[in-house]
Amino acid sequence: MKKDKNYYNHSLIEPKWQKSWEEKKLFSPDLKNAKNPYYNLMMFPYPSAEGLHVGNMYTFTGADVYARFNRMQGKDVFEPIGLDGFGIHSENYALKVGRHPREQAEISEKNFYRQLRAIGNSFDWTRTLETYDPNYYKWTQWLFVQLFKAGLAYRKKAEVNWCPSCKTVLSDEQVIVDKCERCSSTVEKRELEQWFFRITAYAERLLNNLEKLDWTEKIKIAQKNWIGRSQGCLINFQVVDLDCQIKVFTTRPDTLFGSTFLVLSPEHPICQKIDQKDVKDYVRKAHNISDNDRITEGKEKTGVFSGLYAINPVNSEKIPIWIADYVLMGYGTGAIMAVPAHDQRDYEFAKKYNLPIRQVIAPVSSSKYQVLSKKEEILNAKYVIHNTDIVEAYAGDGKILNSGEWSGWEVPKDMDMVIDWIEKKGFGKREVTFHLRDWLISRQRYWGPPIPMIYCKACHDAGRSWFTENKAALGEREVSSSKYQVLSKKEEILNTKYIIHNTEMNGWYPVLDENLPVLLPDVEDWKPRSASSARSGLANKTEGPLSSHPEFYETKCPKCGVTARRETDVSDTFLDSAWYFLRYTSVDTESVAFDRETVKKWLPVNMYIGGAEHAVLHLLYSRFITMVLNDLKFVDFDEPFTKLFAHGLIIKDGAKMSKSRGNVVIPDGYIKKYGADTLRMYLMFIGPFNQGGDFSDSGIEGMNRFLKKVWRLLSEAQISNLKFQISNQIPNDEFAKLDTKMHRTIKDITEDIQNFKYNTSIARLMEYYNVLFDFYTKYKIPASPAGRLDTKYCKTLVLLLAPFAPHMTEELWQRLKIKDLGLKNEEKNHQSAITNHKSIHVEAWPTFDEKYLVEDTVTIVIQVNGKKRSEFIVNSSQLKDEEKLKSQAQEIIKKYIEGKTIKKTIYVQGKILNFVV
RNA sequence: GCGGAUGUGGUGAAAUGGUAUACACGAUAGGUUUAGGACCUAUUGCCGUAAGGCGUGGAGGUUCAAGUCCUCUCAUCCGCACCA
């Protein structure tokens, strides 16, 4: 490449400013005293070892443009960065390359921070954090203890998702259909005793708060669906000849008369008690197949008759109880009342097993549903109808029939009428059910914060637990959380998700605060172990690598002082990231997790930018943890992120970048060749920031060309002190045009950046450049670019460009401030000079004036019947003179309207003149 | 099945109900250059010599005027999924 004097040497200039900004702490706000705090946060990355790819760079740059824009608006912007380097994803990579996770973390950290510096973001480099740093995870463990003491962390034996490849349990949110979120292995079901966080206690609040959040709508919808609130009715069915009731949950209590059998999930407690071979076989078989197989086996329903009957409380009918795996234990009560006429699944089941079908809803006459309504005999049937011609269930509205005193009612929208009736009779009650389940927090892995809990067998045998000694504290908690209540023994059996403080908690004590952190020991055998090799201290078949290290787990009971055993599982990596935004404000404090005053000043986060893939993972967990901290009076807000913007995804060849696909694009090569500014702008130009796009390097040359053009226009080709002379040769209206264009550009770009429409912002910059270029080319003055730069037109260009191309604009800005520097220095020195002048990135963002937005002349389009036929230019002052414009226009388009009558004329001021003929 | 999104030139993509394709990429021609690159100029939705016509996945509708609003429909992508 030929290097003339005007050559923009990005490889010299970019590192120069990156170093300068960091050294001067230009982007490190004074957290205690900032007047105008603005917390601009991008979801922190987990440092994959290939390094930062352009997908990461895309999202970070997008967030950075926003931060820089706001900083120039006069806000004290805090844009921290850190690494989410604990957890399965990092450990799996370490496994792959055969390196110890700690060693790999060091390598990744170095590489990632190097890359993050090279992209030129305005990060606060004085306040970084890494989740695997003991100074950080000490407080992650502290947080766990807080949840435990609040009764929100508990152990229970439950059917959990087990990834055979990662050799650990997973939370519901980490199972995608039936595959592990990390390695895509099919997950298995295992009955294990595990630590859970009681996020379900916050289900209602997590749902209701959504309304007040200024978040991307689709994320709110995803959370809403995941929480999955449904309102309905709990109904008790007495089991015939047994002192036992079965509770079912239904959202359609109005169809109760049509319930002709009950169905239990194979995991339902009652099923375990039935001593009947076919039942036992079925239950065992159902247990052994994965959820996905249940679904994919053609959806053919299977089941078995339990031999038991129940009484339908509304009409005292004796109805059979069946067991079928289409009923899930994890939702509702694990038992349903089947209404085959009005539920498709029940219908299919009834058809297959020849069970009675009774219609109790008559479809409204306007309904598309024909099959039921045309059958007179069905409508008139009194009671049980076997195998009628009904071909599918009808789930819509209509009139209730065959239902005793309900017959003739319209199907009520909110079911209040029906539920009130049921409650009065006393065999059921109003109930709300959620899809959300408790957060399974333990992981049988190495690379995470050890769960800071201690199990003491002596205390266990004596029936002691932390709770037995702290009942009072806990009681308070129970009152403050509406949904959280201790159920009776009986309810526990039927409703396993609410098992609280039962014997499983006996013997458990949290590690004392002064003993935190529980350090993750440096062990050689850190790899996940197969179940068979696990040494069993507890009843668990499946434990993490730390369970082979007595020097780690052997400890003293905080209560009675005898030898006790530490928990050897580590916590889920999503716990690490559920509170990091708090820690950023207090990375240096050693006495608390976060400084309350600073947090109060800076949080909630003003703008959180991140990927939509975290809709039900990180974002839900962070909200939950914040609510807990709010309840425990550690923070005074209960939502962590006021605004959330979901950016798009950069894909490559139509697919998400991933190492398995081999389509990961690393930015380093592009940065080396074109510079970070070019790549930043290219990425931002691909499309709207919330849409992402396909990465191809075809357009990158063009963007580099644009930046070089700007540089050429404004850099000092010949060093000169010539001032810009306003020459008489230049007509005044040329300046008026420039002014209009400049103010228009400021307005458009300001609005576009606020809406994350970076692509059109850049387009406007290019247009503006083109106008300036034409102007300076046409008039060939001033003689020197240095003089050009010192005009408001060019300063504005540089300022507007600054958030996108921070390095080049800084260089230009500093040259402007030291115009004479070049006279004394060689070009080389010039490019490496750092000045003490105010950085462009803290200069004021240009403002526009409405009065300049009005143009002198306007083009009016002439249409005939809505079709464009011509146009003409009118002086703005004449726009109001409608009659004159009309006659002018008619003259112009004479040939189109000759011989026709004008029926109507529509004039849109300054835009369109439409003749209807 | 439910929910969300997206369909516009050769490509990435613009368009408060008001000139469809801004801004780029690519392509073609010319200039400049020892050559290549870079740079500059012009052209570039489709059909047509032209006049003109046709064009925003498809079919209707509302309107003086529809990419935009309404109804139906097709395709692709992404969530969730036997949720009672």
Side-chain angles (χ1 to χ4, degrees), chain A residues 1-2 4 176-178 216-222 224-226 228-230 232-233 248-252 255 259 263 265 291-292 294-295 299 301 324-328 330-339 342-346 348-349 395 433-436 612-613 615-616 648-649 651 654-656 682 685-688 690-691 693-703 705-706 708-709 712 757 759-770 773 777 859-871 895 903-917:
Chain A
M1 195 187 284
K2 204 156 91 184
D4 57 31
I176 313 299
V177 186
D178 69 328
T216 304
E217 204 55 35
K218 68 172 180 181
I219 301 234
K220 293 215 274 188
I221 291 167
K224 197 176 161 192
N225 291 341
W226 186 261
R229 182 185 200 273
S230 61
C233 189
V248 304
F249 174 74
T250 179
T251 53
R252 291 295 302 271
T255 62
S259 178
V263 188
S265 160
D291 270 4
N292 194 47
R294 278 197 192 183
I295 296 165
K299 283 201 172 184
K301 304 255 182 304
D325 64 6
Y326 79 91
V327 176
L328 309 174
Y331 186 77
T333 61
I336 63 159
M337 59 175 226
V339 184
H342 305 292
D343 181 284
Q344 189 59 26
R345 296 152 302 177
D346 298 343
E348 284 165 20
F349 193 77
T433 301
F434 295 93
H435 167 258
L436 183 72
E613 70 272 21
V616 295
L649 228 52
I651 54 175
K656 198 174 160 181
Y682 171 65
F685 192 60
I686 288 177
N690 61 355
Q691 266 173 40
D694 205 310
F695 184 87
S696 72
D697 43 19
S698 63
I700 210 166
E701 288 277 357
M703 192 53 77
R705 214 175 291 157
F706 172 67
K708 283 196 286 193
K709 285 195 282 191
R712 222 175 299 127
K757 290 165 78 179
N759 56 331
T760 49
S761 301
I762 293 171
R764 295 289 96 82
L765 275 169
M766 288 171 164
E767 278 181 63
Y768 182 55
Y769 163 83
N770 288 340
F773 179 81
T777 313
T859 305
I860 297 212
V861 171
I862 308 168
Q863 294 181 334
V864 177
N865 287 345
K867 280 205 167 97
K868 180 188 172 186
R869 290 304 181 186
S870 187
E871 60 183 34
K895 66 172 178 173
K903 281 195 285 191
K904 201 174 168 188
T905 309
I906 286 122
Y907 175 56
V908 181
Q909 193 170 327
K911 275 186 183 153
I912 293 254
L913 201 45
N914 189 13
F915 297 101
V916 186
V917 299

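Every chain is numbered from 1, with letters handed out A, B, ... down the list of sequences.
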Residue matched to [N] through Watson-Crick or wobble contacts both under 3.5 angstrom:
N       : result
rG3(B)  : rC78(B)
rU33(B) : none
rU49(B) : none
rA38(B) : none
rU8(B)  : none
rA15(B) : none
rA20(B) : none
rU71(B) : rA59(B)

>> For a quick check, tell me whether the side chain of K709(A) and the base of rC39(B) share a donor-acceptor pair closer than 3.5 Å.
In response: no
To the side chain of [X], which of [options] is closest?
X       : options                   : value
M766(A) : rA84(B), rA24(B), rC39(B) : rA24(B)
K904(A) : rA81(B), rC64(B), rU19(B) : rC64(B)
I906(A) : rA84(B), rA14(B), rC64(B) : rC64(B)
A763(A) : rG3(B), rA22(B), rG12(B)  : rA22(B)
Y326(A) : rU16(B), rA84(B), rC82(B) : rC82(B)
W226(A) : rC83(B), rA14(B), rA81(B) : rA81(B)
F773(A) : rA14(B), rC39(B), rU41(B) : rU41(B)
L328(A) : rC25(B), rA24(B), rC83(B) : rC83(B)
V908(A) : rG53(B), rG18(B), rA84(B) : rG18(B)

Whether [X] contacts [N] is assessed here as follows: a side-chain N or O lying under 4.0 Å from the phosphate OP1 or OP2. Is that the case?
X       : N       : result
T251(A) : rC83(B) : no
N759(A) : rA24(B) : no
N770(A) : rA24(B) : yes
K218(A) : rA5(B)  : no
K757(A) : rA15(B) : yes
R705(A) : rC39(B) : yes

> CD1 of I912(A) versus C1' of rA15(B): gap in Å, rounded?
Replying inline: 13 Å
> What integer distance in Å separates N914(A):CG from rG18(B):C1'?
Replying inline: 9 Å
Taking atom [atom1] in both [N] and [M], what distance in whole Å separates the two?
N       : M       : atom1 : value
rA84(B) : rA75(B) : C1'   : 33 Å
rG4(B)  : rA13(B) : C1'   : 22 Å
rG67(B) : rA51(B) : C1'   : 28 Å
rU6(B)  : rG57(B) : P     : 13 Å
rU56(B) : rU19(B) : C1'   : 15 Å
rG58(B) : rG7(B)  : P     : 13 Å
rC46(B) : rG37(B) : P     : 26 Å
rA38(B) : rG26(B) : P     : 9 Å

> Given side chains that start at C-beta, do those of I762(A) and R764(A) come closer than 4.5 Å, heavy atoms only?
Replying inline: no
What are the two closest non-hydrogen atoms of [X] and [Y], and how far apart are they?
X       : Y       : value
I219(A) : A612(A) : CD1-CA, 3.7 Å
G332(A) : F249(A) : CA-CB, 4.3 Å
A763(A) : F685(A) : N-CE1, 4.0 Å

> Looking at R345(A) and E348(A), does any basic side-chain N land under 4.0 Å from a carboxylate oxygen?
Replying inline: no
> Just checking, any donor-acceptor pair under 3.5 angstrom between side chains of D697(A) and Y682(A)?
Replying inline: no
> Counting heavy atoms not belonging to K220(A), are there more than 12 under 6.0 Å from its NZ?
Replying inline: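 Yes, because the 6.0 Å sphere around NZ of K220(A) holds more than 12 heavy atoms from other groups.
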>> Does rG67(B) count as syn, meaning its glycosidic angle lies within 90° of 0, or as anti?
In response: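 For rG67(B), whose glycosidic angle is more than 90° from 0, the conformation is anti.
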